[in-house]
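Below, read A as the first sequence line, B as the second, and so on, with proteins coming before strands; counting in each chain starts at 1. If you're wondering where the values come from, they're calculated on a predicted model, not measured in any experiment.
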Amino acid sequence: MSIFKFYKAKFISSLTSQGFELNDFSEKLSVDIPKQEKFGDISFNAPLVLSSSLKKNPIIIAQEILDIFLKQFNEFQSIEVAKPGFINFKFNNNFWLNYLLQISDEKNLLKDHSKKINIEYVSANPTGPLHVGHCRGAIYGDTLANLLNYVGNTVTKEYYINDYGNQIHMFSKSVYARILEIQKSIKFDATSGLYPGEYIKDIAKSIIKKKLIISFENYDLIKEDLGKFAMQEAMVMIKNDLLSLGIKHDLFVSETDLVNKNNVNKAIKILEDKNYIYTGVLPKPKGDENEDWEPRDQLLFKSTLFGDDVDRALKKSDDTWTYFANDVAYHLYKLDREYDQYINILGADHAGYLKRLQACVTALSDSKVNFVCKVCQLVKLYKSGEPYKMSKRAGDFITAKELVDAVGKDAVRFMMIYRSNDSQLDFDFDLVTEKSKENPVFYVQYATARINSILRKVKVDNNQITKDDLSLLNSSYELEIIKKLSVWPKCLELSAVNLEPHRIPYYLYELSSMFHSYWNLGKENNDFKIVDNPNINLVKARVFLINKILLILKSGLSILNVSAPETM
RNA sequence: GGUCUUGUAGUGAAAUGGAUAUCAUUCUUGUCUUCGAAACAAGCGUUUUAGGUUCGAAUCCUAACAAGACCGCCA
């Protein structure tokens, strides 16, 4: 547990026992690290929060609280009242040494609030390999899944396969055209609107080679099988691409399956029974240049009841279900499996779809479900400051695999998460392959390698170490590192609760930076040397400290699924 | 026209509503020369603008401006 949470609870119970009414304020009360060192190690804002309801000057309240705390706590070196109405605490060194002694990786930090979570991410169409645009959402979703699992939840990683509808026909036709090209030298018509990508050829070759279909004479006879096999091939590609990023889903849900099992009718029936469906005419979208648009009666879902901008069509003019109708069925299927929380990772290009998804889930569940959509903004690739195009294939996109091949899994994963998902991200090829401080991936990994190197050189047994042994760690640098380590649980908790994993690489970078600085002290002053130091007891204590640093770095990197190398 | 996201040092970014807004980098200057690839110190900021909520706003609300993404019965 983080010391901040721990002391918040302690302070609240202490004050409650002294007659303070804090029930309404538990959200606003906070125990935090002050930005400035002179304000101590932790600060408490109760006087500011309470002043209006108690109708008292916060400073006066602070004095009262201070008197109570001075009697009750002995782990503080000082407790002070500060300007607007904070109470600032400074721990004694003993406290920090005890803290250092018991530092753990904080796995299962939030086990007490353990949830069953479903997280859907990637869900790329099964018509070709993963491209670079999918990477960010894929890594964001996967890191989030790791993180939520790490802190003690049960997480299901889900992939929804859109293996239904027109695009699949187009895909199937495209593969067929490539098969004809291979077998009968019928030239591929690039103007036909079929998918031009090279990978279509690979899929065609594979289908021929595996003899999945005997005769390709009559397309109409084989189109269903061909489409099925082609999608299977594409899914193999996608799964391989995901694997190269270190991603493995638990569950793949097929749209076709849902349609065939009558889930769409079932879902629409539910909405109908709740009176959320009607037949009506949608207005022409504004800003649309298309003159073919004609008003038409159609089956609509009242998504505007739930905050959407317009009601959404469920049936097309040929009386088949829309993609959205199938999605309603998919979400019903999700809800039926009863998770405590649903997380859905979308790319920026699907942000406009978010409201209707939220609407359908709200409608199906009567607002009873915790369903969160997170959108990842675009990634722009750069090389030497120039927008970068990697693929030579005409009309083709940059694939995830090409990106991983160029810079490695670790760099891709680290950098894709090194920014808030709401902000656009510039990904620079030169930077991530650079071996310098500017490259955060290198900098953090180098810290783990350096620590491992030290551990190889200094063989000490730290199992029996005591607080007294650690008391040799009395420099301000060492104390600062211990304090930084104490922030780790808070970082984990904030990341998990707010679904913001970007805090983790930032934290790891800062911790690495502190370690590197600490190491470099030994260059100017022999007393600070860790390895070549005549004081064996000091070496032992320092090795204990850097072991804890390594523990946290490794834990953090494991959540990111980035390697923590022992040598580089 | 609408919706969503973003707007913080020259550049790129952080910051559960907390106190004098951090970190990296560019440049100048000084110290040091490697227990593993350098480190340390110093200089530079109207958090886009205007209102509002609050004891307190980069953060929340409203409006404007700017950038990006999206917007039909495609998926």
Side-chain angles (χ1 to χ4, degrees), chain A residues 4 27-28 30 32 34-36 38-39 43 45 47-49 51-52 57-58 82-86 88 125 127 162 164-168 170 255 282-288 290 292-294 296 298-299 308-310 312-327 347-355 375-378 380 418-426 428 431 435-438 440 442-443 446 449-450 452-454 457-458 490 493-494 497-498 500 502-503 506-507 509-510 513 516-526 528-533 567-568:
Chain A
F4 308 98
E27 283 290 312
K28 293 197 85 180
S30 77
D32 237 314
K35 272 178 193 149
Q36 290 181 65
K38 68 172 178 184
F39 294 137
S43 74
N45 65 350
L48 289 164
V49 174
S51 84
S52 67
N57 185 320
K83 280 181 279 179
F86 291 101
N88 297 326
N125 291 335
T127 55
N162 299 128
Y164 189 85
N166 269 334
Q167 65 168 2
I168 301 305
M170 288 300 290
E255 184 181 1
L282 287 176
K284 181 175 178 176
K286 285 183 177 172
D288 191 337
N290 193 343
D292 296 342
W293 192 89
E294 279 179 20
R296 189 181 74 80
Q298 57 193 156
L299 195 66
D308 201 359
D309 308 308
V310 288
R312 300 296 173 175
L314 294 164
K315 274 198 173 177
K316 300 185 246 178
S317 56
D318 63 1
D319 216 35
T320 59
W321 296 112
T322 60
Y323 173 81
F324 176 61
N326 291 350
D327 227 7
D349 52 342
H350 287 77
Y353 199 69
L354 201 143
K355 281 186 181 175
V375 174
C376 282
Q377 295 300 320
L378 296 186
K380 284 186 195 159
Y418 195 57
R419 192 114 312 161
S420 156
N421 60 290
D422 285 328
S423 299
Q424 286 195 23
L425 166 68
D426 292 344
D428 194 304
L431 180 60
K435 293 187 174 177
S436 77
K437 192 182 175 183
E438 291 98 272
F442 169 79
Y443 198 62
Y446 180 46
R450 197 176 232 176
N452 274 291
S453 161
I454 297 169
K457 282 182 186 156
V458 186
K490 190 185 179 82
E493 184 178 346
L494 279 176
V497 171
N498 299 317
E500 292 172 344
H502 70 275
R503 294 164 187 275
Y506 266 96
Y507 175 85
Y509 182 83
E510 285 163 10
S513 167
H516 286 305
S517 301
Y518 180 54
W519 171 266
N520 280 301
L521 289 172
K523 291 184 180 179
E524 294 192 24
N525 184 342
N526 283 334
F528 279 109
K529 290 204 165 165
I530 298 170
V531 179
D532 296 339
N533 198 306
T567 57
M568 293 179 78

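Residues passing the side chain to side chain contact (heavy atoms under 4.5 Å, CB included) test with A/Leu299, sequence neighbours excluded: A/Ile277, A/Thr279, A/Leu314, A/Lys315, A/Trp321. With sequence neighbours left out, the side-chain hydrogen bond (donor to acceptor under 3.5 Å, both in side chains) criterion links A/Lys523 to A/Asn520. Residues satisfying the ring-ring contact (aromatic ring centres under 6.0 Å, His included) test with A/Tyr506, not counting sequence neighbours, are A/Tyr418.
Taking atom C1' in both B/rU6 and B/rA13, one finds a spacing of 13 Å when rounded to whole Å. When the C1' atom is compared between B/rA39 and B/rC32, the two are found 8 Å apart, to the nearest whole Å. For the P atoms, the distance from B/rA41 to B/rC4 is 45 Å, rounded to whole Å. Atom name P, nucleotides B/rG7 and B/rG17: the rounded distance is 14 Å, in whole Å. B/rC23 and B/rC44: their C1' atoms are spaced 16 Å apart (whole Å). B/rG18 and B/rU28 have their C1' atoms separated by 36 Å, with the value rounded to a whole Å. Using atom P as the reference point in both B/rG10 and B/rU49, the two lie 13 Å apart (nearest Å).
Looking at heavy-atom distances under 4.0 Å, A/Arg419 makes contact with sugar-phosphate atoms alone, never a base. No engagement by A/Tyr418 is indicated, since no non-hydrogen atom pair under 4.0 Å with the nucleic acid exists. Looking at heavy-atom distances under 4.0 Å, A/Gln36 makes contact with a base. A/Lys529 comes within 4.0 angstrom of a nucleotide base, judged by non-hydrogen atoms across all strands. Using a 4.0 Å heavy-atom cutoff across all strands shown, A/Leu48 reaches at least one base atom of the nucleic acid. Across all strands, A/Asn162 comes closer than 4.0 Å only to sugar-phosphate atoms, never to a base (heavy-atom distances). Contact annotation for A/Ile530: base contact, defined as any heavy-atom pair under 4.0 Å involving a base atom. If you check every strand for non-hydrogen atoms under 4.0 Å, A/Thr320 touches nothing.
The phosphate of B/rG18 has neither OP1 nor OP2 within less than 4.0 Å of any side-chain N or O from A/Lys28. Phosphate contact (OP1/OP2 of B/rA14, side-chain N/O of A/Lys35, threshold under 4.0 Å): absent.
Checked against B/rA19, B/rA15, B/rG36, the side chain of A/Pro34 finds its nearest nucleotide in B/rA19. Among the nucleotides B/rC35, B/rC23, B/rA19, the one closest to the side chain of A/Tyr509 is B/rC23. Of the candidate nucleotides B/rC35, B/rC73, B/rA69, B/rA69 has the atom lying nearest to any side-chain atom of A/Ala348. Distance from the side chain of A/Ala449 is smallest for B/rG36 among the nucleotides B/rC55, B/rC73, B/rG36. Taking the side chain of A/Gln167 as heavy atoms from C-beta on, and the options B/rG36, B/rA75, B/rU20, the nearest nucleotide is B/rA75.
A/Asp349 contributes no side-chain N or O that forms a donor-acceptor pair with the base of B/rA75 under 3.5 Å. Within 3.5 Å, a donor on the side chain of A/Lys38 pairs with an acceptor on the base of B/rU20, or the reverse.
Distance CZ (A/Phe442) to P (B/rU25): 14 Å, rounded to an integer number of Å. We find that CH2 of A/Trp321 is positioned 15 Å from P of B/rC73, with the value rounded to whole Å. Remark: P of B/rC35 and CG of A/Asn525 are 13 Å apart, rounded to the nearest angstrom. The interatomic distance linking A/Leu282 (CG) with B/rG2 (P) rounds to 19 Å, in whole Å. Look at OH on A/Tyr353: it is 24 Å from P on B/rG2, rounded to the nearest Å. A/Lys490 places its NZ atom 13 Å from the P atom of B/rA15, with the value rounded to the nearest Å. Between the CZ atom of A/Phe86 and the C1' atom of B/rG17 there is a distance of 10 Å, rounded to whole Å. For the pair A/Asn526 CG and B/rU33 P, the computed distance is 11 Å after rounding to whole Å.
Residue side chain A/Tyr446 fails the stacking definition with respect to B/rG36, as its ring centre and the base's six-membered ring centre are not both under 5.5 angstrom apart and under 30 degrees in plane angle. A distance cut-off of 5.5 Å between ring centres, combined with a plane angle under 30°, leaves A/Tyr506 outside any stacking arrangement with the base of B/rA14.
Pairing analysis of RNA chain B (Watson-Crick: purine N1 to pyrimidine N3 plus N6-O4 or O6-N4; G-U wobble: N1-O2 and O6-N3; both under 3.5 Å) yields stems of 3 or more pairs at B:1-7 with B:65-71, B:10-13 with B:22-25, B:27-31 with B:39-43, B:48-52 with B:60-64.
Closest approach of A/Asn45 to A/Ser30, counting heavy atoms only: OD1-N, 2.8 Å. Contact between A/Met568 and A/Ala449 at its shortest, heavy atoms only, is CG-CB, 3.6 Å.
In this structure, A/Tyr353 and A/Phe324 have perpendicular ring planes: the angle between them is above 60°, well past the 30° mark.
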Report, one pair per line, the protein and nucleotides 38-47 of chain B atoms (nitrogen or oxygen only) whose separation is under 3.5 Å.
unit_1 : atom_1 : unit_2   : atom_2 : d
B/rA38 : O2'    : A/Asn520 : OD1    : 3.4
B/rC40 : OP1    : A/Ser517 : OG     : 2.8

Check: protein-nucleotides 3-7 of chain B nitrogen or oxygen pairs below 3.5 Å:
unit_1 : atom_1 : unit_2   : atom_2 : d
B/rU3  : O3'    : A/Lys355 : NZ     : 3.0
B/rU5  : O2'    : A/Asp422 : O      : 2.3

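Between A/Val49 and A/Glu500, the residue whose closest nucleotide on RNA chain B is further toward the 5' end is A/Glu500. Looking at which nucleotide of RNA chain B each of A/Tyr323 and A/Asp426 is closest to, the 5′-most match is held by A/Asp426.
Taking the side chain as every heavy atom from C-beta outward, A/Gln167 and A/Asn162 approach each other to under 4.5 Å. Considering only heavy atoms from C-beta on, A/Asn421 stays 4.5 Å or farther from A/Val375 through its side chain.
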